[in-house]
Amino acid sequence: MIVLGIGVIAAPAQAAQWSTPVKPPAGCHSTPSGAPSLALNATGAWVIGAYAQTGSGLEAFTVSACTSNDGVNWSGPITIGQGTSPAVAIAPDGHAVAVWQGGPATSPNVQASIRPAGGSWSAPVVVSTIAGHPLIGMDGAGNAIAVWAGTTLATPVATASLPAGGSWTAAKTLIVQGGGIGLTTNSVGGVI
């Protein structure tokens, strides 16, 4: 699947051609720049995380989410917090998790919100006071793991996990001085 600023294009693994783009609701793309985060589960449920600038400073960015059970009919956008750089994941049972860089510009942090299958997004919680641009992955049991790094090599790479039905673990520093990061998970809980 490909995420464009104006739509989502999906194709089955063995497809001979791409589907016609489906345009999510207005507000499900990031402005002024940056691609939205998109997650899809095996049953066809989707979640998009995006942000939009509403003023000046980090606290002047709104993080929102849009959801769909079929990739055609969408709900949202629903404001889930203040900040930028959202990342989203969705479990096989349909519950979703979003993480983003939030907090005031003078003390940024990593925040998260959870949406039970068919439910509403929770109030944001602070996952870490060490800020960074997060990534998130989820295994087949719905356990989520997030990793983030700051925008300079002098900032740490850190991680925290969210067991299905549980609470976030304490943030753990992986590397004192980091850089670019990537994240992938598999259905049985493996993480790279």
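Computed from a predicted model, the values in this text were never measured in an experiment.
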Enter the distance from [X]:[atom1] to [Y]:[atom2] here, rounded to the nearest 0.5 Å.
X: W121; Y: I80; atom1: CH2; atom2: CD1; result: 5.0 Å
X: L183; Y: I145; atom1: CG; atom2: CD1; result: 6.5 Å
X: R115; Y: S122; atom1: CZ; atom2: OG; result: 11.0 Å

Residue pair [X] / [Y]: nearest heavy atoms and the distance that separates them:
X: P124; Y: W100; value: CB-CZ2, 3.8 Å
X: Y51; Y: G83; value: CB-O, 3.8 Å
X: A91; Y: N41; value: O-ND2, 2.8 Å
X: P36; Y: C28; value: CB-O, 3.9 Å
X: G76; Y: C66; value: C-SG, 4.0 Å
X: A89; Y: G137; value: CB-C, 4.4 Å

Counting N and O atoms only, with roles assigned by atom type, does the side chain of [X] sit under 3.5 Å from a partner on the main chain of [Y], one being a donor and the other an acceptor?
X: Q111; Y: V126; value: no
X: S161; Y: A144; value: no
X: S68; Y: N73; value: yes

**side-chain hydrogen bond (donor to acceptor under 3.5 Å, both in side chains) against T67, all qualifying residues, sequence neighbours excluded** = S75

Partners meeting side chain to side chain contact (heavy atoms under 4.5 Å, CB included) with [X] (sequence neighbours left out):
X: N69; value: A45
X: N186; value: V188
X: N143; value: D139, A141, P163, A164
X: P92; value: none

**Request:** Before giving the answer on side chain to side chain contact (heavy atoms under 4.5 Å, CB included), spell out for I48 and V88 the whole-Å C-alpha distance, their side-chain angles and the decisive distance to 0.1 Å.
**Result:** CA-CA 7 Å; I48 296 175; V88 294; 5.9 Å; no

**Asked** Apart from I136 itself, what residues make up its hydrophobic cluster, given side-chain heavy atom links below 4.5 Å?
**Response** V97, V99, V110, I114, V125, V127, I130, M138, W148, L162, W168

**Request:** Please test W46 against I90 for side chain to side chain contact (heavy atoms under 4.5 Å, CB included), starting from the C-alpha separation and ending with a verdict.
**Result:** CA-CA 7 Å; W46 301 66; I90 189 164; over 6 Å; no

